[in-house]
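Below, read A as the first sequence line, B as the second, and so on, with proteins coming before strands; counting in each chain starts at 1. Model, not experiment: these values are computed from the prediction.
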2 protein chains.
Amino acid sequence: MAQPMYHQIADELRGRIEAGELAPGAQLPTELELREKYEASRNTIRDAIKRLTSLGLVETRPGQGTFVVQRIDPFVTTLTGELEAGRAPGESAAYLTEVSDEHRTAKVSAPRVEVQVPSAEIVGRLRVEPTTQVVSRHQERYLDGIPWSLQTSYYPMEFVTTGGALDLLKAEDMKDGVVGYLEEKMGLEQVGYRDWVTARTPDLNEQNFFKIQHDATVFEVFRTGFDQHGTPMRVTVTVFPADRNQFIINVGKVPPPEYNVEA
Amino acid sequence: MAQPMYHQIADELRGRIEAGELAPGAQLPTELELREKYEASRNTIRDAIKRLTSLGLVETRPGQGTFVVQRIDPFVTTLTGELEAGRAPGESAAYLTEVSDEHRTAKVSAPRVEVQVPSAEIVGRLRVEPTTQVVSRHQERYLDGIPWSLQTSYYPMEFVTTGGALDLLKAEDMKDGVVGYLEEKMGLEQVGYRDWVTARTPDLNEQNFFKIQHDATVFEVFRTGFDQHGTPMRVTVTVFPADRNQFIINVGKVPPPEYNVEA
DNA sequence: GCAAATTTGTTCGTATGTATT
DNA sequence: CAATACATACGAACAAATTTG
């Protein structure tokens with residue numbers, strides 16, 4: 001037994017999926033059928049299918065069966081070039097839409113605004129004292145009705161208390177963007193930002209919102225915006241499920257993309 | 001039974017790991033011990049541990065036991081700002097070392113050079129005819145002896161045949177970088193590049209090289225370099241295991257990082 | 001709307017194989 | 001070689017979700 005049986009079964013099914021014989025959305029044979037076909041026990045069949053689910057190739061639905069996953073046409077976010085707008089990653093939906101696909105419709109939830117004591121992660125990036133409070137603005141983003149990203153921005157509380165940027169506490173979407181508002185209100189200009197991209201597994205909230213498995217992967221992008229004094233003025237944390245998101249970074253002189261390179 | 005037993009067991013173990021009670025490298029109780037502790041069958045215990053493995057929290061070693069994973073101090077690659085050097089992501093080890101940690105020692109294998117018919121992925125990005133050949137230069141990269149990335153660069157075959165850049169076929173590391181060589185030899189200047197970042201599961205070769213599970217995650221970065229005419233001059237594909245790699249993108253005026261923000 | 005049939009999910013028990021100490 | 005610990009594989013029973021009649 002060079003390869004265990006459940007590996008072999010999984011590999012054959014994977015081959016049939018990648019060859020297109022089992023198209024996206026198609027139902028795999030039931031456990032009982034596979035059991036007869038491969039003359040294996042039910043547990044062995046289930047081990048094989050578990051391998052495919054862990055690769056994100058299939059999904060099982062209790063009471064229904066196992067199905068080849070429908071791959072979502074990936075959403076492509078350009079992390080560079082949003083400086084003028086001073087937006088968080090994925091915020092300028094118009095531009096992004098152009099990059100990835102034509103007819104996507106973006107939807108954003110009303111922000112959930114909170115005043116809170118920041119986590120160590122935010123303290124380090126926003127460079128505030130651990131005891132001070134910060135304003136957090138959280139939004140859920142959809143594209144074509146599909147959950148696309150979860151985003152939370154953090155601002156120093158002084159922006160409200162001594163800076164007079166009272167609208168930061170308003171639970172309303174800011175049409176011209178928060179950065180424009182802060183410039184108008186406080187003379188703060190975002191002259192640059194640093195994105196920090198990591199990957200991890202989703203927490204429970206993210207699993208539920210994105211409808212992804214506990215062992216799926218999400219990108220976590222920390223964007224720290226800097227003002228004209230080189231001081232961090234806000235930190236935005238955006239979480240993207242990796243199965244439907246990609247990123248572009250343009251540096252120097254780069255021609256516009258002529259077409260989507262995906263096969 | 002709100003939650004199945006193997007979820008509860010996994011959650012409790014996860015809690016003990018995240019609380020530091022089970023430190024990185026520490027051995028978990030054996031299956032037999034856990035079986036007695038939770039009064040569950042061996043299969044149930046194994047299901048619980050499988051959940052932790054799929055989260056990348058623990059790893060099991062046959063004949064030894066189950067151990068909390070040793071998290072590698074992440075390697076941080078800056079995707080912007082390498083324009084002058086015209087390097088592929090992670091190539092300018094000196095700079096990267098500065099960003100992430102102090103005393104890392106980079107090592108690169110000698111390139112494996114091939115002349116081949118490009119895949120559709122490369123054809124689209126390098127904008128060559130599907131029938132023409134390309135030069136590929138493949139390298140394995142290590143940091144502190146740990147496999148860090150796999151990188152393959154593709155160049156149009158004309159660079160050799162009509163451009164006279166014969167050294168492209170030499171299986172030697174180019175000290176001053178390929179981009180510098182092409183500028184000197186052919187007057188080709190890389191004036192910009194586009195990085196395309198995606199995530200996927202590793203293929204067999206990558207599993208073996210990085211010593212990662214079949215359901216782990218790797219970043220795949222496609223870098224397309226453009227010359228002064230706006231024509232793609234090379235495509236570099238770099239694969240990074242997500243458990244030990246992060247990325248930074250700087251846009252606009254950004255102060256140097258004062259310290260590593262990780263807690 | 002309900003009952004039956006189908007399908008996957010959870011849990012147990014048992015046996016044997018393989019890797020490491 | 002023996003003991004220990006995980007890996008594979010089988011069989012069985014009941015539960016939960018969904019579809020079908």
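A donor and an acceptor atom, one from each side chain of A/E12 and A/Y38, are located under 3.5 Å apart. Inspection of the B/T238 and B/S149 side chains reveals no N or O donor paired with an N or O acceptor under 3.5 Å.
Of the side-chain N and O atoms in A/Y6, none sit less than 4.0 angstrom from OP1 or OP2 of D/dA9. For B/T66 and D/dA5, the shortest distance from a side-chain N or O to OP1 or OP2 is not below 4.0 Å.
Minimum atom distance to the side chain of B/T30 is reached by D/dA5, of the listed D/dA5, D/dT8, C/dA19. Checked against C/dA19, D/dT8, C/dG9, the side chain of A/T60 finds its nearest nucleotide in C/dG9. Proximity note for A/T44 (side chain, C-beta onward) versus C/dC12, D/dA7, D/dC10: the nearest is D/dC10.
Not less than 6.0 angstrom separates the ring centroid of B/F247 from the ring centroid of B/F75. In summary, the aromatic rings of A/F209 and A/Y142 are positioned with their centroids under 6.0 Å apart.
Other residues, nucleotides and ligands contribute over 12 non-hydrogen atoms within 6.0 Å of the CD atom of B/E18. Under a cut-off of 6.0 angstrom, the local environment of CD in B/Q213 is sparse, with at most 12 non-hydrogen atoms contributed by other residues, nucleotides or ligands.
Note: CD (B/E33) to P (D/dT4) measures 12 Å, nearest angstrom. Nucleotide C/dT8 holds its P atom 11 Å from the CZ atom of A/R61, rounded to whole Å. In this structure, CD of B/E31 is placed 12 Å from C1' of D/dT8, rounded to the nearest angstrom. Counting to the nearest Å, the P atom of D/dA5 and the CG atom of B/L34 are 11 Å from each other. Between the CD1 atom of A/I45 and the P atom of D/dT8 there is a distance of 15 Å, rounded to whole Å.
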Side chain to side chain donor-acceptor pair (under 3.5 Å) between A/T152 and A/S136: does it pass, once the steps are laid out? CA-CA 6 Å; A/T152 312; A/S136 84; over 6 Å; no

Give the intermediate values and the outcome of ring-ring contact (aromatic ring centres under 6.0 Å, His included) for residues A/F210 and A/F240. CA-CA 9 Å; A/F210 294 121; A/F240 303 89; 8.6 Å; no

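The residue among A/H7 and A/P62 whose nearest nucleotide of DNA chain D is located toward the 5' end is A/H7. Residues B/E39 and A/Q64 each lie close to DNA chain C; by heavy-atom proximity, the contact nearer the 5' end of the strand is made by A/Q64.
For the segment residues 46-53 of chain A, the set of residues with a heavy atom within less than 4.0 Å of an atom of DNA chain C comprises A/R46, in numerical order.
Salt bridge A/K37/A/E33: absent, no basic N to carboxylate O contact under 4.0 Å.
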Every protein N/O lying under 3.5 Å from an N/O of nucleotides 11-13 of chain D:
from	atom 1	to	atom 2	distance (Å)
D/dG11	O6	A/N43	ND2	2.6

